[in-house]
Amino acid sequence: MFMKNLKNFPKNFLWGASTSAYQCEGATAEGGKGKTIMDIANHGDEYCDFSVASDFYHHYKEDIALMKEMGFKSFRFSISWARVFPNGDGKVNQEGLDFYKNVIKELRASNIEPIVTIFHFDTPLALEEKGGWSNRELIVPAFEKYADTLFQELGDQVKYWLTINEQNVITLSNLKFGMFSKGKRFTATEAFNKNHVMFIANALVMANYHKNYQKKQKGLIGPAPNVAPAYANTNKPEDQIAAMNAGVMRNWLYLDAYVRGEYNPIALKYFEDKGVELDLRKGDLEILKAAKPDYIAFNYYTSMTVEHSDAEEMNKVMDQQVGFDIPGMFRSVKNQNLDKTEYGWEIDPMGLRYAFREVHERYRLPLLITENGIGVRETLNKDNTVNDDYRIDYYQKHIAAMREAISEGIDVIGYNPWTAIDLVSTHQGFSKRYGFIYIDRDEKDLKEMKRYRKKSFFWYQEMIKNNGDNIM
Ligand code: BG6
């Protein structure tokens, strides 16, 4: 955009795209899979549920062939915990494990590097019914066993592991919308204790991988939060402090725990002021300290613009993905300088460069983009394609920003935007499409689920062929 002397993308850069299990697999009652909280989620009659989704379960060979045709070097997907352990714990479901073995085999045969998320929102229902992430005694050992099974069974073929997808979004949603709990909002003490349990589970799983598997399997493990840079709305000092607060509560509370093994002091002060009682047990800080990720994967969609807030109550506005205000710390406002998607998400390519710089400054680890993309209502043209020039424009600008970050010396190892194929949005159905590949189904009418290449498919194919040299 503005920079002279751009560096090229590294030679082995992981160009690919992302999905998650509950959003694309379908076959929710097949192959011995147990139920997850997503199977009972209901986002209203207007939207479909997750039962068929993109039917990746039955189409994975065809979909991977299309990814290969696009020239993917990597594919980031998640494993459904309840497909491997139908009750979240107990006996392994071999059929479920075999499904993922087959997916990975297909990817390897196509020279596509699997990037595997261990947990992407879909807690097994059997665990949720016993308290889920609030029940530390139950869920932590179950998660450790699940992850250990994956390392044992799939670890010789998987070199990039991601522990928990968007723990920060889960926690902030628990506070604000109850997105993962049928609308039940949690108190700050409940939400931040669930979050603490996730920190412990994450750290134990990373430490186990490092101790027992990494040497032999030569893979890497890290978390996958959603990072949103926070801008101050004005140059008022109190708005600058609000932006720092937003950065902490949205990003650094999580990354400080993952990488430095410590609680961010500003977050601790907030807990103290708000009377949040953290169930910090003897040995917990040692557990956090003993685990450090090998890299940081992060999802980036947009930045946030904030101002000072004395408010006691949550801001109810939900028109923006990042409206995760924390009363008394910051309040989100619209950024007048940015365009929005039709779903109200601000589009900020330079924010991606900003995010890279902030994360790099703080942690100095290799960085991987595991999500970035634009959700749009789309229909198939008469000539069986979708002219998604807006998506090409979106990616072009974000990839250019990433190239600038690389030119500034930041170690970025790959780009896996959201998504490879159309799938079910987390809370806005199938009509909110993100893919390079169009799947011909509607919210309720499944049609034949045929796959079609969008215009962006060919654009991304060409871009990967050039290793991004044509992007500036
Ligand atoms: C991320 C999630 O928050 O954003 C994905 O990791 C999600 O699961 C994506 O689908 C886009 O959000 P949405 O609500 O448009 O589906």
Side-chain angles (χ1 to χ4, degrees), residues 21 34-38 78-93 116-155 161-171 173-174 180-181 186-187 189-214 221-225 253-263 271 276-293:
K35 278 200 167 55
T36 78
I37 57 168
M38 291 310 188
S78 78
I79 291 188
S80 167
W81 184 345
R83 214 177 262 297
V84 179
F85 286 99
N87 293 319
D89 206 353
K91 244 181 104 224
V92 174
N93 171 37
V116 179
T117 316
I118 297 172
F119 176 70
H120 191 125
F121 298 163
D122 50 353
T123 311
L125 195 58
L127 297 181
E128 185 68 20
E129 281 167 349
K130 294 180 194 146
W133 290 100
S134 302
N135 186 343
R136 175 169 170 167
E137 282 67 27
L138 174 79
I139 204 156
V140 172
F143 188 65
E144 285 185 86
K145 178 167 143 192
Y146 161 52
D148 189 74
T149 305
L150 300 186
F151 300 150
Q152 261 183 52
E153 297 285 333
L154 312 174
W161 291 104
L162 302 166
T163 47
I164 298 180
N165 180 69
E166 294 194 352
Q167 182 179 332
N168 55 340
V169 170
I170 297 174
T171 301
S173 300
N174 279 339
F180 302 99
S181 50
F186 292 90
T187 64
T189 294
E190 288 167 337
F192 287 110
N193 273 311
K194 277 169 174 275
N195 182 62
H196 181 66
V197 171
M198 284 191 176
F199 281 158
I200 296 294
N202 175 76
L204 289 170
V205 163
M206 289 201 304
N208 175 34
Y209 184 74
H210 286 145
K211 182 162 172 253
N212 298 313
Y213 295 97
Q214 190 167 48
I221 191 160
L253 160 61
Y254 309 89
L255 277 162
D256 283 1
Y258 298 143
V259 183
R260 298 178 178 161
E262 61 193 31
Y263 264 93
F271 293 160
V276 172
E277 286 169 33
L278 213 53
D279 180 14
L280 209 60
R281 302 185 186 172
K282 194 164 172 270
D284 280 4
L285 294 176
E286 287 70 26
I287 291 175
L288 297 186
K289 274 269 180 236
K292 183 176 165 155

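On a predicted model such as this, the values are computed, not experimentally measured, just so you know. Numbers here are sequence positions counted from 1. FYI, side chains are in, hydrogens and waters are out, and symmetry mates aren't considered; it's all heavy atoms of this structure.
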Determine, using ring centers only, whether Y213 and W161 are less than 6.0 Å apart. no

Residues two or more places apart in sequence or in another chain: which of them pass side-chain hydrogen bond (donor to acceptor under 3.5 Å, both in side chains) with E286? none

Looking only at heavy atoms, which two atoms of K292 and V259 are closest? And how far apart? CG-O, 3.7 Å

Please lay out, stage by stage, how D122 and T36 fare under the test side chain to side chain donor-acceptor pair (under 3.5 Å). CA-CA 6 Å; D122 50 353; T36 78; 5.2 Å; no

Checking side-chain contact (heavy atoms from CB on, under 4.5 Å) against I221, which of V116, V205, L162 comes through? V205

Rounded at 0.5 Å granularity, tell me how far CG in N208 sits from CG in D148. 5.0 Å

Determine the interplanar angle of the F143 and W81 rings, folded into 0 to 90°, and report it as parallel if under 30°, tilted if 30 to 60°, perpendicular if over 60°. tilted

Which atom pair, heavy atoms only, marks the closest approach of V92 to T149? CG2-CG2, 4.1 Å

N135 side chain reached by E137 side chain, heavy atoms, under 4.5 Å: yes

With side chain to side chain contact (heavy atoms under 4.5 Å, CB included) as the test, would you mind laying out the steps for F199 and D284 before giving the verdict? CA-CA 9 Å; F199 281 158; D284 280 4; over 6 Å; no

Please state whether the rings of F192 and F271 are parallel, tilted or perpendicular, taking 30° and 60° as the class boundaries. tilted

Residues at least two apart in sequence or cross-chain that pass salt bridge (charged side-chain N to carboxylate O under 4.0 Å, His left out) with D89, listed by chain then number, are K145

With rounding to the nearest 0.5 Å, note down the distance linking CZ in R281 to CD1 in I200. 9.0 Å

Enclosure of Q152 CD (heavy-atom neighbours >12, cutoff 6.0 Å): yes

